[in-house]
There are 2 protein chains.
Amino acid sequence: MTDKSSDAGKPIRTAITSEDGIDFAIIELFFFAYRDFTSDPDQILADYGFGRAHHRVLHFVNRRPGLTVAELLDVLKITKQSLARVLKQLIDTDHVVQLQGPRDRRQRELYPTAKGRALALALARPQSRRIRAALEDSGAAERTLVERFLEAMVNPELRAQIDVGSAKMSGKSHGEH
Amino acid sequence: MTDKSSDAGKPIRTAITSEDGIDFAIIELFFFAYRDFTSDPDQILADYGFGRAHHRVLHFVNRRPGLTVAELLDVLKITKQSLARVLKQLIDTDHVVQLQGPRDRRQRELYPTAKGRALALALARPQSRRIRAALEDSGAAERTLVERFLEAMVNPELRAQIDVGSAKMSGKSHGEH
DNA sequence: GAGATTATGTCAGTACTATTGACGTAATTT
DNA sequence: AAATTACGTCAATAGTACTGACATAATCTC
């Protein structure tokens with residue numbers, strides 16, 4: 001700002017760079033990578049009249065069968081009103097079933113059906129293929145490094161919910177790290 | 001339960017695993033990581049009445065000052081109708097200015113103002129901090145590995161648009177397609 | 001047992017981002 | 001002169017999210 005008041009609306013012609021110590025490279029790569037990563041299942045979902053929200057629900061119901069509605073809301077960090085529409089559609093189309101909780105009959109445990117399991121796999125397949133391709137020349141060490149990086153990008157409070165190892169959340173002590 | 005025809009809607013009680021050769025660990029980590037990564041700027045954007053779309057436009061206008069509307073549409077992969085509202089708001093609030101293209105007067109070159117530059121930096125700061133924290137114990141080699149992984153996750157056709165290195169896209173040496 | 005709390009469902013209204021399709025205008029190309 | 005291109009805009013629709021309010025049944029607490 002060499003001028004005082006007149007350059008408020010002046011165009012800046014120089015590109016922003018890593019000057020300010022900001023990691024634009026990874027910020028941008030993350031955007032492109034995630035966009036393309038989600039575009040694969042989006043194609044399939046369109047055939048069912050589903051969207052990404054359905055994918056996420058289906059994913060977690062398959063990863064943690066028997067989780068309750070409240071647990072699902074907590075994992076997804078959305079409101080029950082947002083979940084309602086999506087979950088209802090998945091139930092109506094026989095991808096997910098609800099069972100009354102055995103201990104607490106107010107709870108609804110969510111389980112995939114064979115149909116829901118199959119769709120979850122179909123949606124995950126191209127994503128997994130993409131990951132495999134991206135890691136194709138890499139060994140186990142590189143893979144672990146990518147996993148650690150992604151995990152470290154998650155808010156610390158939420159890391160407990162994730163379990164890279166075995167997808168079992170039923171209160172097991174699976175100490176991988 | 002062990003019926004054949006009637007178990008179409010039966011609950012599957014076992015968790016999906018990496019059995020089928022599907023990389024659920026990274027699929028899930030990518031979801032959580034990206035969600036939290038975008039949540040940082042979302043907080044700031046809310047103060048301006050902006051959303052993520054504004055962030056993306058602001059980001060690329062700062063990264064490639066002088067890019068045209070068509071180029072921006074191509075990078076973002078959205079329609080001009082989607083861009084219109086967002087871009088108009090950024091222009092109306094003096095974050096972005098349009099200049100008539102020097103060679104082709106139909107074109108509108110987009111530039112950030114000082115205000116737009118400042119906001120772009122403010123939005124990128126927490127994201128960059130998060131990345132730095134995630135890589136804190138890592139060296140340059142690990143950083144490069146993460147960059148390579150993310151780049152490999154992007155659709156090959158689009159990798160040309162990205163430039164990890166220096167963020168300079170100023171040379172309009174691009175073939176027009 | 002009465003009352004409070006919890007788990008879930010649902011209705012209504014709103015916001016943001018995206019889409020397709022159509023049409024208009026000015027500038028450039030053929 | 002005609003066609004094409006770059007951009008802008010109007011209208012309608014979809015998908016995902018939000019807040020707030022209210023209902024019901026089950027469980028917990030005193």
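Chain letters run A, B, ... following the sequence lines, proteins first and then strands; every chain starts at 1. Predicted model, so just to flag it, every value in this text is computed and none were measured.
- Listed by chain and residue number, A/Asp92 satisfy the side chain to side chain donor-acceptor pair (under 3.5 Å) test with A/Lys88 (two or more places apart in sequence, or in another chain).
- Rounded to whole Å, atom C1' of D/dT9 lies 13 Å from atom CG of B/Leu83.
- In the model, B/Gln161 has a side-chain atom that pairs as donor or acceptor with a side-chain atom of B/Asp74 under 3.5 Å.
- In terms of position on DNA chain D, the residue among A/Gly49 and B/Ala84 whose nearest nucleotide sits closer to the 5' end is B/Ala84.
- Atom-to-atom, CZ of A/Arg35 to C1' of C/dA18 comes out at 13 Å; the value is rounded to the nearest Å.
- Distance, A/Arg103 CZ to D/dC28 P: 12 Å, rounded to whole Å.
- Although no hydrogens or angles enter the test, the distance criterion places a donor-acceptor pair under 3.5 Å between the side chain of A/Arg159 and the main chain of A/Val154.
- The CG atom of A/Leu73 sits 16 Å away from the P atom of C/dT6 (whole-angstrom rounding).
- If you measure from atom CG of A/Asp92 to atom C1' of C/dT10, you get 14 Å, rounded to the nearest angstrom.
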Could you go through A/His95 and A/Phe50, starting from their C-alpha distance and side-chain angles, then the distance that decides it, and tell me whether this counts as ring-ring contact (aromatic ring centres under 6.0 Å, His included)?
CA-CA 12 Å; A/His95 289 93; A/Phe50 291 161; 5.5 Å; yes

Assign a letter to each nucleotide of nucleotides 16-23 of chain D from its 5' end: B, base within under 4.0 Å of a protein heavy atom; S, sugar-phosphate only; -, no contact.
BBBBBB--

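- Not a single donor-acceptor pair, N or O on each side, falls under 3.5 Å between the base of C/dT8 and the side chain of A/Arg106.
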Taking it one step at a time, do A/Phe24 and B/Phe60 satisfy ring-ring contact (aromatic ring centres under 6.0 Å, His included)?
CA-CA 10 Å; A/Phe24 286 109; B/Phe60 286 108; over 10 Å; no

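- Between A/Ile27 and B/Phe37, the closest side-chain pair of non-hydrogen atoms falls below 4.5 Å.
- Rounded to a whole Å, the CG atom of B/Leu87 is 13 Å from the P atom of C/dT17.
- The phosphate of D/dT27 has OP1 or OP2 within less than 4.0 Å of a side-chain N or O from A/Arg105.
- A sub-4.0 Å separation between OP1 or OP2 of D/dG8 and a side-chain N or O of B/Gln98 is present.
- Proximity of B/Met153 to A/Tyr34: side-chain heavy atoms (C-beta onward) are nowhere separated by under 4.5 Å.
- Distance B/Leu90 CG to D/dG8 P: 13 Å, rounded to the nearest Å.
- Ranked by how close their nearest DNA chain C nucleotide is to the 5' end, B/Pro102 and A/Ile91 are led by A/Ile91.
- The distance from atom CG of B/Leu110 to atom C1' of D/dA6 is 12 Å, rounded to the nearest whole Å.
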